[in-house]
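Because the structure is predicted, anything quoted here is derived from the model rather than measured. Just so you know, residue 1 is the first one in the sequence shown, and it goes up from there.
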Amino acid sequence: MALDRVDSPNGLAQQAVIRQALNNAGVSPDQITYIEAHGTGTMLGDPIEVEALSEVYGQSQPDGAVCALASVKTNIGHLEAAPGLPA
């Protein structure tokens with residue numbers, strides 16, 4: 001999804017920062033089995049985030065393993081008053 005707005009999420013930048021974080025940690029994408037997404041609940045941000053995550057983590061693995069994706073915030077809202085609740 002290409003957008004020209006300065007306030008729009010940038011999927012390529014999200015991919016780059018994820019790959020850099022994995023590299024810095026010495027971890028490969030196939031070692032990740034669960035991602036808690038930001039999940040803004042918006043028609044603009046969520047598809048861009050999911051596409052970026054899919055590009056990095058969505059490759060099929062020889063053993064059939066997958067990386068699960070969820071977002072608690074999308075389901076129960078912001079938790080400033082109870083940040084440990086979803087854990």
Side-chain angles (χ1 to χ4, degrees):
M1 177 178 289
L3 297 170
D4 293 331
R5 293 176 39 176
V6 75
D7 62 341
S8 299
N10 183 313
L12 294 176
Q14 289 180 11
Q15 290 176 45
V17 76
I18 292 166
R19 287 189 172 104
Q20 186 62 54
L22 290 167
N23 185 55
N24 290 350
V27 176
S28 65
D30 63 338
Q31 293 177 277
I32 306 299
T33 59
Y34 177 83
I35 295 173
E36 180 65 27
H38 181 234
T40 61
T42 66
M43 292 176 61
L44 175 62
D46 285 354
I48 293 171
E49 180 182 21
V50 170
E51 185 176 332
L53 291 168
S54 294
E55 283 295 319
V56 176
Y57 298 104
Q59 309 308 315
S60 58
Q61 303 302 319
D63 63 358
V66 297
C67 180
L69 175 65
S71 179
V72 170
K73 185 176 84 173
T74 302
N75 294 307
I76 62 177
H78 287 277
L79 293 175
E80 287 89 359
L85 182 65

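Remark: D30 pairs with S28 by the side chain to side chain donor-acceptor pair (under 3.5 Å) rule, at least two apart or across chains. Here T33 pairs with nothing under the side chain to side chain contact (heavy atoms under 4.5 Å, CB included) rule; sequence neighbours left out. Take E55 and apply the side chain to side chain donor-acceptor pair (under 3.5 Å) test, not counting sequence neighbours, and it matches no residue. Looking at residues two or more places apart in sequence or on another chain, you find a side chain to side chain contact (heavy atoms under 4.5 Å, CB included) between I32 and L22, V27, I35, Y57, C67. Evaluation of the side chain to side chain contact (heavy atoms under 4.5 Å, CB included) rule for A37 yields E49, L53, L69, S71 as partners, not counting sequence neighbours. Every residue two or more places apart in sequence or in another chain that forms a side chain to side chain contact (heavy atoms under 4.5 Å, CB included) with Q59 is listed here: Q61. Scored by the side chain to side chain donor-acceptor pair (under 3.5 Å) test, N23 finds no partners at all (sequence neighbours excluded).
Contact between I48 and Q14 at its shortest, heavy atoms only, is O-OE1, 3.9 Å. The shortest non-hydrogen separation linking P9 to G45 is CG-CA, 3.9 Å.
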